[in-house]
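What follows is a short report on a single structure.
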Amino acid sequence: MASTNQSPFYKKAEEKFLNAQTDAERLIWLEEMIRECPKHKSSEKMLANLKTRRIKLIEKIDRIKKSKKSSKTNQESIRKYDMQVALVGETNSGKSSIMSLITNANSKISDSLFTTQSPIQGIMDYDGVQIQIIDLPSVKNENFDVGIANTADLILMVITGLSQIEALNKFIPKANGKKLIIFNKTDLLNEAEKRKISETLKSKKYNFIMLSCKDKQNIEELKEKIFQSFNITRVYLKEPGKNPSNKPLIMQPNSTILDVAKKISKQMASNIKEVHIWGPSSKFPNQRIGLSHVVKDKDIVEFKTK
Ligand SMILES: Nc1nc2c(ncn2[C@@H]2O[C@H](COP(=O)(O)OP(=O)(O)O)[C@@H](O)[C@H]2O)c(=O)[nH]1
Ligand SMILES: [Mg+2]
């Protein structure tokens, strides 16, 4: 669209159109351009061109709206796990790369903008504990799902620059969950730069981790931080004469042996004869304890029933 010989009003609208972030904004400025375009013979072709673009843009907006509606059922099928984590960040910050490094899911990784068009879920297995991770489209994407960000227990704010923290927070004003800042792509920084960023984040008392997906730096530490943010107690059950199960019961902190038994079954809880414990809360291995004993993370418990 040649804008030579156009009025300053037209040029202004065109500039805004070219800088617009969303299609809705683009439509507003395109309509302004149509209004400002001279209506004489010499600009007939240009006006027709603008009108065609307007129709195409409206069609595109409608298509996205429709796919949003149909993907709603899609999103509803993302059932919230007890422990849900959402990846939030700008395009190309590395959300999908992190997703593929910490979960079983394969989220599309690409250099092109806005590759993740709908929420993708994966499971991070941490010592038998299943944590649901959701890779959300980038915050500026029309399909960014603020609903999931609002209900997630933990938000992983993936950034590659400090100014992005404030920018991201603007997109999730109602997020209830805890936040963990992931400063990604540290392989692109030198030691001094890394130290400076760490110190700034520390001084602001942020919960954060420095990460490099490329060099696989701090990936295990990230998994541990995610797990620890849930503040849960894992209790492994053991049958007499056998090894403990490798899938733990997930308990709230300060739970008692009775709570553990009830979590297995009410009936079991009322039939306990003897309880033995190994691990952090025991004074010695195989200690016999009562129902009011408070368990700690990684305890192993053996119930003998009547
Ligand atoms: N140098 C570097 N590049 C990375 C790192 N993590 C991701 N990338 C690259 O950044 C681009 C965008 O990554 P992607 O995971 O698709 O970002 P998303 O848009 O936030 O999902 C890809 O080319 C990745 O290979 C990293 O730690 N270091
Ligand atoms: Mg992505």
Side-chain angles (χ1 to χ4, degrees), residues 21-23 64 67-68 71-72 74-75 77-78 84-124 131-152 154-172 175 177-198 200-201 206-226:
Q21 296 282 335
T22 64
D23 286 329
I64 289 172
S67 78
K68 254 191 184 168
S71 72
K72 248 211 178 112
N74 220 342
Q75 285 162 25
S77 75
I78 295 189
Q84 188 184 59
V85 179
L87 282 155
V88 171
E90 291 184 4
T91 305
N92 272 325
S93 55
K95 299 177 294 300
S96 299
S97 303
I98 293 170
M99 181 78 172
S100 68
L101 285 170
I102 66 173
T103 73
N104 55 358
N106 241 333
S107 199
K108 202 174 165 206
I109 298 164
S110 156
D111 268 328
S112 68
L113 299 182
F114 304 141
T115 37
T116 309
Q117 294 292 342
S118 58
I120 293 167
Q121 72 166 323
I123 304 297
M124 178 181 109
I131 299 174
Q132 182 185 34
I133 316 274
I134 297 180
D135 183 15
L136 292 177
S138 297
V139 284
K140 286 177 189 160
N141 186 298
E142 272 137 342
N143 293 321
F144 174 66
D145 191 321
V146 78
I148 291 178
N150 286 347
T151 55
L154 174 69
I155 292 172
L156 302 176
M157 294 177 53
V158 186
I159 60 169
T160 52
L162 290 173
S163 65
Q164 288 166 25
I165 299 174
E166 215 178 305
L168 289 184
N169 273 326
K170 288 199 178 122
F171 287 92
I172 46 169
K178 291 183 184 176
K179 287 174 183 165
L180 170 61
I181 290 169
I182 301 178
F183 198 104
N184 190 32
K185 306 198 184 184
T186 54
D187 54 282
L188 301 176
L189 304 173
N190 64 36
E191 288 306 316
E193 288 167 326
K194 275 192 263 186
R195 208 177 320 115
K196 205 170 161 217
I197 289 164
S198 279
T200 308
L201 289 167
Y206 282 123
N207 183 20
F208 74 96
I209 188 164
M210 306 288 284
L211 194 83
S212 167
C213 291
K214 192 172 170 226
D215 294 350
K216 306 221 163 34
Q217 270 290 314
N218 272 350
I219 303 293
E220 283 311 309
E221 288 81 355
L222 170 63
K223 285 182 172 184
E224 195 183 330
K225 261 189 177 285
I226 291 172

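Note that ligands are numbered from 1 as they come in the structure, with each ligand's atoms numbered from 1 the same way. Bear in mind that the values here come from a model prediction, so they are computed numbers and not experimental data.
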List ligand 1 atoms under 4.0 Å from [X], heavy atoms only on the residue side.
| X | result |
| --- | --- |
| Cys213 | 5 (C), 6 (N), 26 (C), 27 (O) |
| Glu90 | 20 (O) |
| Ser212 | 27 (O) |

Proximity to ligand 1 by part of [X], non-hydrogen separation under 4.0 Å:
| X | answer |
| --- | --- |
| Asn184 | side chain |
| Asp215 | neither |
| Asp187 | side chain |

Requested in this report: Mark the output for Ser93 as yes if a heavy-atom distance to ligand 1 is under 4.0 Å, and as no if none is.
Outcome: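 Judged by the 4.0 Å heavy-atom criterion, Ser93 does count as contacting ligand 1.
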If you round to the nearest 0.5 Å, how far is [atom2] of [Y] from [atom1] of [X]?
| X | Y | atom1 | atom2 | result |
| --- | --- | --- | --- | --- |
| Gln164 | Glu90 | CD | CD | 4.5 Å |
| Met99 | Leu136 | CE | CG | 9.5 Å |
| Glu220 | Ile102 | CD | CD1 | 10.5 Å |

Query raised in the report: In this structure, are over 12 heavy atoms from other groups packed under 6.0 Å from Lys196 atom NZ?
Result: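 Count not over threshold, so no.
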Please confirm whether [X] comes within less than 3.5 Å of ligand 1 when only nitrogen or oxygen atoms on both sides are compared.
| X | value |
| --- | --- |
| Lys185 | yes |
| Asn92 | yes |
| Gly94 | yes |

Name of the residue among [options] meeting side-chain contact (heavy atoms from CB on, under 4.5 Å) with [X]:
| X | options | answer |
| --- | --- | --- |
| Leu87 | Ile155, Ile98, Ile134, Ile120 | Ile98 |
| Phe183 | Leu189, Thr200, Leu211 | Leu189 |
| Asn184 | Val158, Ile209, Leu222 | Val158 |

Query - the Mg ion (ligand 2) reached by Ser96 (N, O or S, under 2.8 Å) - result: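 It does; at least one qualifying atom falls short of 2.8 Å.
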Report task. Check whether any side-chain heavy atom of Phe144 lies under 4.5 Å from a side-chain heavy atom of Ile172, and answer yes or no. Result ->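 SC-SC contact between Phe144 and Ile172 confirmed.
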